[in-house]
Amino acid sequence: MSSAAPRGATRHGITRAELAGLLAGEPRYRVDQVWQGLYEQLRVPEEMTSLPKALRQRLDEVLPPALAEEVRRVSDGGDTVKYLWRLDDGNRIETVLMLYPDRVTACVSSQAGCAMGCGFCATGQAGFQRHLTSGEIVEQVVRAAREARDMGRRLANVVFMGMGEPLANEANVWAAVERIHGDLGLSARHLTVSTIGIVPGIRALAARPLPVNLAVSLHAANDEDRSRLIPMNRRYPLAELMRACADYLAVKGRRISFEWALIEGVNDRDRDADELARLCRRFRVPAHVNLIPLNPTPGWPTTGSSPARVREFRQLLEDRGVNATVRRNRGTDIDAACGQLAAGQPVAVTARRSGREDLESLDESATRTLAVGPDHGRPDGGGQGSR
Ligand code: SAH
Ligand code: SF4
């Protein structure tokens, strides 16, 4: 191996052409071997036993991982795994792996923190640190896929619903989507980008070639209420947002989903269901609404709707011709839904080491508390909405 790695290169951030440069002087088939090792076999360099040992060691050094595991929690009887990763600059981000009977989904972060300032959201409360690189995004998926594989499952779905606003980091998110689709082999139809409603981002996404799913975090169907919950609504009000959704639908032919976190007395009233149904009709967006009760966060003294009201609200929507599904707040017992891990909540960690034994031996009632590093209490954001 002769050339140097690009500055700051990480194992899943490097392009294939950069890898070829790095492997100049090696037999040409090495590029394929390493690439397949990374994306088909989900291996780290030291596991790529078809390579000479010296080359493996060199690759390990020049292409370090982007993510260091700081906390790993398992809940739902082993069906939800939440990771808190430390980045090389000390920022922390979250990933959640969710194993359902019929599918396996990874919920990934797109930024460290978020600049959108939604008051109900743990990430929004903590503010923005920086965009994630495509390598940092892809590595979250690879590490989750590896864990799923070790559990005898195959990761097939990725949702950009962790920390951050993906469409505020559209270029890196798109580079990650291409890698996840082209190299990890996930179908674009199984990739979902969730946005608070950044209209130019939706339009940029519509111009991209792959038909990824769009989820819009609506939460209110009139501008007054929505602007109160979501500051960005002032910049991109509902009419503009809905037009962008209608155009996305027209271009991609993909169903759009609306996320709706139910807050007692705020957006779970009968009139909220009326407004939402009217909005969908007016813009001819046959959306699917995902309902979850709002998760409590430290900086937002409001409670989520009761399970009974969530069911009623769903029925109100259905009666008005709007499809709606009640989502479980996956992993609430490990804070998977709200970013409290990274936001510096008391950390009672159920599992930290990697490997299956954590999943099998986990006993929720025997939660162990582990230190997670010297400054784990620093509020540097949190992901949410993982379900
Ligand atoms: N920034 C993007 C993606 C990350 S947030 C977005 O907002 O869509 C993922 C989802 O979690 C969004 O639907 C968001 O509104 C929701 N969310 C944020 N805080 C929440 C909370 N406290 N309870 C329930 N859902 C929440
Ligand atoms: Fe950012 Fe989404 Fe949280 Fe709003 S809800 S602050 S856009 S992560």
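All values reported here derive from a predicted model rather than from experimental measurement. Indexing begins at 1, ligand by ligand and atom by atom, following the structure's order.
Every N/O-N/O distance between Thr297 and ligand 1 stays at or above 3.5 Å. On a distance-only criterion, Leu294 and ligand 1 share no N/O pair closer than 3.5 Å.
For ligand 1, the atoms closer than 4.0 angstrom to any heavy atom of Glu259 are 13 (O). Distances below 4.0 Å separate heavy atoms of Cys121 from the following atoms of ligand 2: 3 (Fe), 5 (S), 6 (S), 8 (S). For ligand 1, the atoms lying closer than 4.0 Å to a non-hydrogen atom of Asn295 are 21 (C), 22 (N), 23 (N), 24 (C). Ligand 1 places these atoms under 4.0 Å from at least one heavy atom of Phe160: 3 (C). Shown in contact with Thr195 at under 4.0 Å from a heavy atom are these atoms of ligand 1, numbered in order with element: 6 (C), 8 (O). Residue Gly124 has at least one heavy-atom neighbour below 4.0 Å for each of these atoms of ligand 2: 6 (S). Listed by number with element, the atoms of ligand 2 under 4.0 angstrom from any heavy atom of Met116 are 1 (Fe), 7 (S). The ligand atoms of ligand 1 that sit less than 4.0 angstrom from a heavy atom of His219 are 13 (O), 14 (C), 15 (O). Close contacts between ligand 1 and Ile292 involve ligand atoms 24 (C), 25 (N) [criterion: under 4.0 Å to a heavy atom].
When Ser110, Ala168, Gly164, Cys121 are checked for heavy-atom proximity to atom 1 (N) of ligand 1, Gly164 turns out nearest. Nearest residue to atom 4 (C) of ligand 1 from Pro166, Gly162, Ala261 is Gly162 (criterion: closest heavy atom).
Ion pair Arg314/Asp268 not flagged as a salt bridge, since none of the NZ, NE, NH1 or NH2 atoms sits closer than 4.0 Å to an Asp/Glu carboxylate oxygen. Arg243 and Glu240 are not joined by a salt bridge, as no carboxylate oxygen comes within less than 4.0 angstrom of a charged side-chain nitrogen. At a threshold of 4.0 Å, the pair Arg58-Glu26 does not count as salt-bridged, since none of the basic side-chain nitrogens sits closer than that to a carboxylate oxygen. Electrostatic pairing of Asp79 and Arg103 does not count as a salt bridge here, judged by no charged N lying under 4.0 Å from a carboxylate O.
Taken to the nearest 0.5 Å, the CG atom of Leu155 stands 6.5 Å off from the CG atom of Leu97.
Looking at Cys118 against ligand 2, both its backbone and its side chain come within 4.0 Å, counting heavy atoms. The residue Trp300 has no part lying near ligand 1, judged by heavy-atom distances below 4.0 Å.
Not close to ligand 2: Ser217, with no non-hydrogen atom less than 4.0 angstrom away.
Side chains of Trp300 and Leu229 form a contact here, defined as non-hydrogen atoms less than 4.5 Å apart. Using a 4.5 Å heavy-atom cutoff, the side chains of Val142 and Leu38 are not in contact. For the pair Glu275/Leu279, no side-chain contact is recorded, criterion being any heavy-atom separation below 4.5 Å from C-beta on.
Annotation for Arg271: atom CZ counts as buried by contact number, over 12 foreign heavy atoms lying within 6.0 Å.
Under the side chain to side chain contact (heavy atoms under 4.5 Å, CB included) criterion, Arg43 pairs with Gln41, Glu47, Met48, not counting sequence neighbours.
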